[in-house]
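The structure appears below as structure tokens.
From a predicted model like this one, the values you see are computed outputs, not experimental measurements.
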Amino acid sequence: QVQVVQSGGGSVQAGGSLRLSCTVSGNTYSQYCMGWFRQAPGKGREGVAGIGDDGTTTVADSVKSRFTISRDNVKNTLYLQMNNLKPEDTGMYYCAARSVAARCLFPFPFDGNNRWGQGTQVTVSS
């Protein structure tokens, strides 16, 4: 059974930085495409950034040039480096692992093929 465990997050002032991490266990990590999603209060879950098994990345326009997604296939870990944070970046952030056997175009569809982390809160104050 695949397990997805997140760490990182917290509260910062606008302009600050945070890094999120996500570790996958229970299966071959390199066979997964990975992504970060977020959900602001009262809004739906939206894709932030994704990375394929080949390292190809997709980043939402709203965070492009500020957020960087990367993966370490030795440590089975996904990262999201968030710089120059803005109050509108506030929300619960979720890591998703999706088998490359499924459709991996980011943002991943919500079709039951994603394995989700527990979520981590990011709060940015002005």
Side-chain angles (χ1 to χ4, degrees):
Q1 185 72 13
V2 176
Q3 292 187 323
V4 183
V5 179
Q6 300 178 219
S7 60
S11 298
V12 294
Q13 291 189 328
S17 297
L18 287 172
R19 189 175 82 157
L20 306 182
S21 299
C22 169
T23 300
V24 178
S25 61
N27 212 326
T28 305
Y29 174 69
S30 61
Q31 295 178 354
Y32 285 88
C33 44
M34 302 293 298
W36 290 100
F37 290 73
R38 68 185 180 188
Q39 188 165 13
K43 294 188 177 181
R45 194 170 295 191
E46 65 172 356
V48 176
I51 186 166
D53 60 318
D54 62 354
T56 302
T57 61
T58 302
V59 182
D61 288 342
S62 59
V63 303
K64 199 165 289 185
S65 80
R66 299 187 297 120
F67 290 13
T68 302
I69 186 171
S70 62
R71 65 189 295 166
D72 185 330
N73 287 349
V74 174
K75 296 181 178 180
N76 291 358
T77 300
L78 176 74
Y79 303 99
L80 184 68
Q81 178 65 43
M82 305 183 291
N83 298 327
N84 191 21
L85 282 159
K86 302 177 180 181
E88 52 262 43
D89 295 319
T90 294
M92 188 69 77
Y93 282 68
Y94 296 92
C95 171
R98 185 177 179 87
S99 171
V100 296
R103 181 170 175 260
C104 269
L105 185 64
F106 192 82
F108 308 146
F110 301 131
D111 59 2
N113 287 317
N114 304 319
R115 297 293 180 264
W116 296 96
Q118 77 277 19
T120 186
Q121 179 67 36
V122 171
T123 302
V124 185
S125 58
S126 57

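Rounding to the nearest 0.5 angstrom, the gap separating the OG atom in Ser62 from the NZ atom in Lys86 is 9.0 Å. With values rounded to the nearest 0.5 angstrom, Ser70 atom OG is found 7.0 Å from Leu78 atom CG. Leu80 contributes atom CG, which lies 10.5 Å from atom SG of Cys22 (distance to the nearest 0.5 angstrom). Of the inter-residue distances, the one linking Tyr32 atom OH with Asp53 atom CG reads 12.0 Å to the nearest 0.5 angstrom.
Side-chain atoms of Gln6 come within 3.5 Å of backbone atoms of Gly119 as a donor-acceptor pair (strictly under, hydrogens ignored). In terms of modelled atom types and a separation under 3.5 Å, the side chain of Thr90 and the main chain of Val124 share a donor-acceptor contact. A donor-acceptor distance shorter than 3.5 angstrom exists from the side chain of Thr120 to the backbone of Gly8, with no hydrogens or angles considered.
Listed here is the closest heavy atom pair of Asp89 and Arg66: OD2-NH1, 2.7 Å. Residues Ser17 and Asn83 come closest through the heavy atom pair OG-OD1, 2.9 Å. Considering all non-hydrogen atoms of both residues, Gly52 and Arg71 come closest at O-NH1, 2.9 Å.
Only one option out of Ser125, Pro87, Ser126 pairs with Gln13 in a side-chain contact (heavy atoms from CB on, under 4.5 Å); it is Ser125.
No donor-acceptor contact under 3.5 angstrom links the side chains of Asn76 and Thr23, judged on distance only.
In this structure, Lys64 pairs ionically with Asp61, as a charged nitrogen and a carboxylate oxygen lie closer than 4.0 Å.
Both Val122 and Phe67 are part of a single hydrophobic cluster, where members link through side-chain heavy atoms under 4.5 Å apart. Both Ile69 and Leu18 are assigned to one and the same hydrophobic cluster, defined by single-linkage of ILVMFWY side chains at heavy-atom distances under 4.5 Å. A continuous path of Ile, Leu, Val, Met, Phe, Trp and Tyr side chains, each step under 4.5 Å between heavy atoms, connects Met34 with Val59, placing both in one hydrophobic cluster. In terms of hydrophobic clustering, with Ile, Leu, Val, Met, Phe, Trp and Tyr side chains grouped at heavy-atom distances under 4.5 Å, Tyr79 and Tyr93 are assigned to different clusters. Connection of Trp116 to Val24 is not established within any shared hydrophobic cluster, with ILVMFWY side chains joined at heavy-atom distances below 4.5 Å, either directly or through further cluster members.
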N/O donor-acceptor pairs under 3.5 Å from side chains in residues 95-113, not counting sequence neighbours:
unit_1: Arg98; atom_1: NE; unit_2: Arg103; atom_2: O; d: 2.3
unit_1: Arg98; atom_1: NH1; unit_2: Asp111; atom_2: OD1; d: 2.9
unit_1: Arg98; atom_1: NH1; unit_2: Asn114; atom_2: OD1; d: 2.8
unit_1: Arg98; atom_1: NH2; unit_2: Arg103; atom_2: O; d: 3.2
unit_1: Arg98; atom_1: NH2; unit_2: Asp111; atom_2: OD2; d: 2.7
unit_1: Ser99; atom_1: OG; unit_2: Ala101; atom_2: N; d: 3.1
unit_1: Asp111; atom_1: OD1; unit_2: Asn113; atom_2: N; d: 3.0
unit_1: Asp111; atom_1: OD2; unit_2: Asn113; atom_2: ND2; d: 3.3

Could you pull out all donor-acceptor pairs under 3.5 Å where a side-chain atom in residues 42-51 meets a protein atom, sequence neighbours excluded?
unit_1: Glu46; atom_1: OE2; unit_2: Arg38; atom_2: NE; d: 2.7
unit_1: Glu46; atom_1: OE2; unit_2: Arg38; atom_2: NH2; d: 3.3

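Applying the side-chain hydrogen bond (donor to acceptor under 3.5 Å, both in side chains) rule to Thr57 yields no partners; only residues at least two apart in sequence or on another chain are considered.
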- [ ] Check the pair Leu20 / Met82 against side-chain contact (heavy atoms from CB on, under 4.5 Å), numbers first and verdict last.
- [x] CA-CA 8 Å; Leu20 306 182; Met82 305 183 291; 3.8 Å; yes
